[in-house]
Amino acid sequence: MESQATAIHKVPVETMLYVAGNKTFNNDVLCRYLQDQTGLPCLSIHLSDLFYPKILEGPTSKLIFVDCAAMGSPKQCQLATLRHLYKDDPIQFICFNVAKAARLGHEAFQKGIKGIIDDQQPVDLYSRAAEAVLAGELWFPRRILEKIILANQASPQPTVKENSDLTRREEEILNMLGSGISNQDIAKQLCISPHTVKTHVYNIFKKINVANRFQAVRWLIDEQRKSEKRP
């Protein structure tokens, strides 16, 4: 079996690691540890720097360890904001210092987070998590993986894959309408105002020529069936 260091060194050298938090001594030490263990450059930055994408500009792929103990509430909204900011960039996120009692699990997975490390975990788990995520795997505690698996075993909801008239956000909201959740819940999950959701829903109805949510869901199901019949 290959050693951890050997496996991680197969990652392209243009990969960059970051530790984002409150610039504490512990995070600086973690950054140096990750750099020693992985052979990849690592930089400790302040959590607020993540919300200014120009700071992380560059062609390199990036794996960012986000210190959730430094995050305010609700954490899900901040994670959603980060994922939206970097939706077109080769950036992956791992959350660490996550309290086991925190309601941050399946929601983080849905927001595109690739791993979670609970608080008070040994430091060697961080390099192992980096290795797994950079190899295209997930790194979640068992209790969270079980929830993800159970959720994925549920009956699939209709989704729209491509539509030249709908924006990416409108497609996302239309898919959520298909799952039957309310505008208020959509607003909470996407961290936008209910008024903004209402505006998006109005635009969706207009573009697909329907009058209400029921007709929108029927349109969504019909589109899915058409796509399934295409060769």
Side-chain angles (χ1 to χ4, degrees), residues 47 50-54 56 62 64 66 68 71-95 98 102-116 138 140 144-145 147-230:
L47 182 66
L50 293 180
F51 295 91
Y52 298 91
K54 287 187 177 181
L56 301 182
K62 303 169 183 69
I64 303 176
V66 180
C68 278
M71 273 189 169
S73 296
K75 292 179 172 58
Q76 291 90 337
C77 285
Q78 294 192 49
L79 294 176
T81 300
L82 287 176
R83 191 65 275 172
H84 182 71
L85 283 173
Y86 297 105
K87 63 181 182 297
D88 297 321
D89 297 323
I91 294 179
Q92 301 183 91
F93 294 95
I94 294 176
C95 294
V98 177
R103 299 182 62 182
L104 187 69
H106 188 225
E107 297 90 348
F109 171 76
Q110 291 177 317
K111 300 293 187 295
I113 305 304
K114 295 302 178 68
I116 284 180
L138 298 175
F140 286 90
I144 296 176
L145 283 175
K147 290 181 180 180
I148 293 172
I149 292 171
L150 289 174
N152 289 338
Q153 286 177 343
S155 299
Q157 298 293 339
T159 58
V160 55
K161 298 297 183 182
E162 294 181 358
N163 186 287
S164 58
D165 295 327
L166 296 176
T167 66
R168 181 179 298 182
R169 178 64 92 184
E170 288 168 351
E171 288 183 0
E172 185 176 20
I173 291 176
L174 179 54
N175 288 331
M176 296 175 82
L177 290 177
S179 67
I181 66 176
S182 67
N183 285 3
Q184 191 73 25
D185 287 336
I186 292 175
K188 289 179 181 179
Q189 289 194 31
L190 298 182
C191 298
I192 57 180
S193 71
H195 175 74
T196 300
V197 174
K198 188 175 181 179
T199 300
H200 281 307
V201 171
Y202 171 81
N203 291 335
I204 291 169
F205 288 177
K206 187 175 180 181
K207 287 182 178 181
I208 65 177
N209 195 29
V210 299
N212 52 50
R213 290 169 67 101
F214 175 77
Q215 291 179 3
V217 174
R218 289 304 314 170
W219 181 92
L220 190 58
I221 294 173
D222 289 342
E223 287 297 304
Q224 184 185 38
R225 288 173 177 169
K226 290 177 184 177
S227 65
E228 290 173 351
K229 291 179 180 179
R230 297 188 187 111

Leu166 side chain reached by Asn203 side chain, heavy atoms, under 4.5 Å: no
Rounded distance (nearest 0.5 Å) linking atom CG of Asn209 with atom CH2 of Trp219: 11.0 Å
Among Thr167, Asp165, Val210, Leu174, find the residue that satisfies the side chain to side chain contact (heavy atoms under 4.5 Å, CB included) test when tested with Ile204. Leu174
Close side-chain approach of His200 to Leu177, heavy-atom, < 4.5 Å: no
Among residues at least two apart in sequence or on other chains, which ones pass side chain to side chain contact (heavy atoms under 4.5 Å, CB included) with Asn212? Phe214, Gln215
How far apart are the closest heavy atoms of Phe51 and Leu47, and which atoms are they? CD1-O, 3.8 Å
Please name the pair of heavy atoms, one in Ala187 and one in Ser193, separated by the smallest distance, quoted to 0.1 Å. CB-C, 3.9 Å
Salt bridge present between Arg169 and Glu172 (N-O < 4.0 angstrom): yes
Validation row: Ile208, Leu220 side chains within 4.5 angstrom (heavy atoms): no
Please name the pair of heavy atoms, one in Ala216 and one in Phe205, separated by the smallest distance, quoted to 0.1 Å. CB-CE2, 3.7 Å
Quick one: CD1 on Ile186 to SG on Cys191, what's the gap to the nearest 0.5 Å? 13.0 Å
Which heavy atom of Pro194 sits nearest a heavy atom of Gln184, and at what distance? CG-OE1, 3.6 Å
Please report the interatomic distance CD1(Ile64) to CZ(Phe93), rounded to the nearest 0.5 Å. 4.5 Å
Could you state the interatomic distance from CG (Asn183) to OG1 (Thr196), rounded to the nearest 0.5 Å? 11.0 Å
